[in-house]
Colleague: 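Take a look at the following structure, please.
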Amino acid sequence: SQTIHQWPATLVQPVGSPLSLECTVEGTSNPNLYWYRQAAGRGLQLLFYSVGIGQISSEVPQNLSASRPQDRQFILSSKKLLLSDSGFYLCASNPGVPNSPLHFGNGTRLTVT
Amino acid sequence: AQSVSQHNHHVILSEAASLELGCNYSYGGTVNLFWYVQYPGQHLQLLLKYFSGDPLVKGIKGFEAEFIKSKFSFNLRKPSVQWSDTAEYFCAVNARNAGNMLTFGGGTRLMVKP
């Protein structure tokens, strides 16, 4: 079964600083990868997804970007954080076959001060 | 575009009470439906899913959900909750022609009092 590693678990960053959150997946090859954000009082919002190396689709316009430099590595970045970027970020993965459920990492809680 | 609504944001129950969490979606086509659960301090995990066939699906830990197509609903139920069911529950929908993209509801935070 697949395992998803996310780090760091918590992060406090000042406004205007850069961000890099990393996610790696074990136990599967050529997965679909996703970044979700869970803001306080809201549900999970899909930010980015990737079906392969170098292939990134953005679901919402924002201050963030994503990259997939390797098959099982997915990075969420920002050049300058905003206060509104605070939230709980979840990396998820599923095999590239129809109807396969998502597996989630443990998440990163980001607080922008 | 599809959307998912979970009308109960917070639910507080006593142990042994029955549970029903509402989930409605808006999408006119064929969908796959999911319930995910996030226990305190843990990651999200799949509780149950519906793809086709019997609209009443059984999941782990005694949970079940019923797909009612005419009502665009997929409510989660459990006859008798336990303190260990305290968690946040997310309903999710995947339109069949949207690959593996999931749309999540806002979540329902369930607290079960011992």
Side-chain angles (χ1 to χ4, degrees), chain A residues 1-7 9-10 21 23-28 30-52 55-60 66 74 87-109, chain B residues 1-10 21-26 29-53 57 59-60 65 67 74 87-109:
Chain A
S1 63
Q2 53 187 309
T3 305
I4 300 176
H5 300 281
Q6 268 188 258
W7 65 92
T10 59
L21 302 182
C23 169
T24 59
V25 181
E26 293 179 359
T28 185
N30 196 29
N32 295 334
L33 298 173
Y34 309 81
W35 277 111
Y36 284 89
R37 176 169 58 199
Q38 185 177 0
R42 300 183 182 180
L44 283 165
Q45 181 186 34
L46 179 64
L47 302 176
F48 300 95
Y49 69 93
S50 170
V51 298
Q55 300 179 61
I56 309 294
S57 296
S58 174
E59 286 295 296
V60 293
F74 204 27
F88 189 60
Y89 290 83
L90 285 160
C91 179
S93 166
N94 63 358
V97 295
N99 301 331
S100 53
L102 284 173
H103 294 266
F104 289 86
N106 285 337
T108 296
R109 186 165 301 283
Chain B
Q2 61 215 36
S3 65
V4 181
S5 297
Q6 291 180 243
H7 305 295
N8 311 105
H9 299 293
H10 291 91
L21 301 182
C23 172
N24 287 90
Y25 66 93
S26 63
T30 305
V31 294
N32 301 319
L33 298 155
F34 306 80
W35 275 97
Y36 283 84
V37 59
Q38 187 173 20
Y39 297 104
Q42 298 186 27
H43 57 271
L44 272 165
Q45 55 188 292
L46 182 66
L47 196 56
L48 50 79
K49 61 185 185 289
Y50 170 80
F51 292 158
S52 63
V57 292
I60 59 173
F67 171 47
F74 190 55
E88 189 158 14
Y89 294 81
F90 292 91
C91 181
V93 170
N94 156 236
R96 292 276 178 92
N97 63 357
N100 284 315
M101 308 314 305
L102 277 179
T103 300
F104 284 84
T108 297
R109 196 177 293 274

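A, B, ... follow the sequence lines: proteins, then strands. Residue 1 opens every chain. This one's a predicted model, so the numbers in the text were calculated from it and none came from an experiment.
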Colleague: Can you name the residues that form a side-chain contact (heavy atoms from CB on, under 4.5 Å) with B:H7, not counting sequence neighbours?
Modeller: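 Partners of B:H7 by the side-chain contact (heavy atoms from CB on, under 4.5 Å) criterion, ordered by chain and then number, come out as B:S5, B:N24.
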Colleague: Under a 3.5 Å distance rule, please check whether B:Y36 uses its side chain to pair with a backbone N or O of A:L102 as donor and acceptor.
Modeller: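 Checking the backbone N and O of A:L102 against the side chain of B:Y36, a donor-acceptor pair under 3.5 Å is found.
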Colleague: Roughly how far, to the nearest 0.5 Å, is the CG atom of B:L102 from the OH atom of A:Y36?
Modeller: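 Interatomic distance, A:Y36 OH to B:L102 CG, rounded to 0.5 Å: 4.5 Å.
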Colleague: Answer whether the closest heavy-atom distance between the side chains of B:Q38 and A:Q38 falls below 4.5 Å.
Modeller: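 Side-chain contact under 4.5 Å: yes.
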Colleague: Select, from A:N106, A:L90, A:L46, the one with the greatest count of heavy-atom pairs under 4.5 Å involving chain B.
Modeller: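 Ranked by contacts with chain B, first place is A:N106.
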Colleague: Side chain, backbone, both or neither: which part of B:L46 has an atom under 4.5 Å from a heavy atom of chain A?
Modeller: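 Just its side chain gets close to chain A.
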Colleague: Name all residues meeting the side-chain contact (heavy atoms from CB on, under 4.5 Å) criterion together with A:H103; count only those two or more places apart in sequence or in a different chain, and write none if there are none.
Modeller: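 With neighbours one apart ignored, the set is A:Q2, A:I4.
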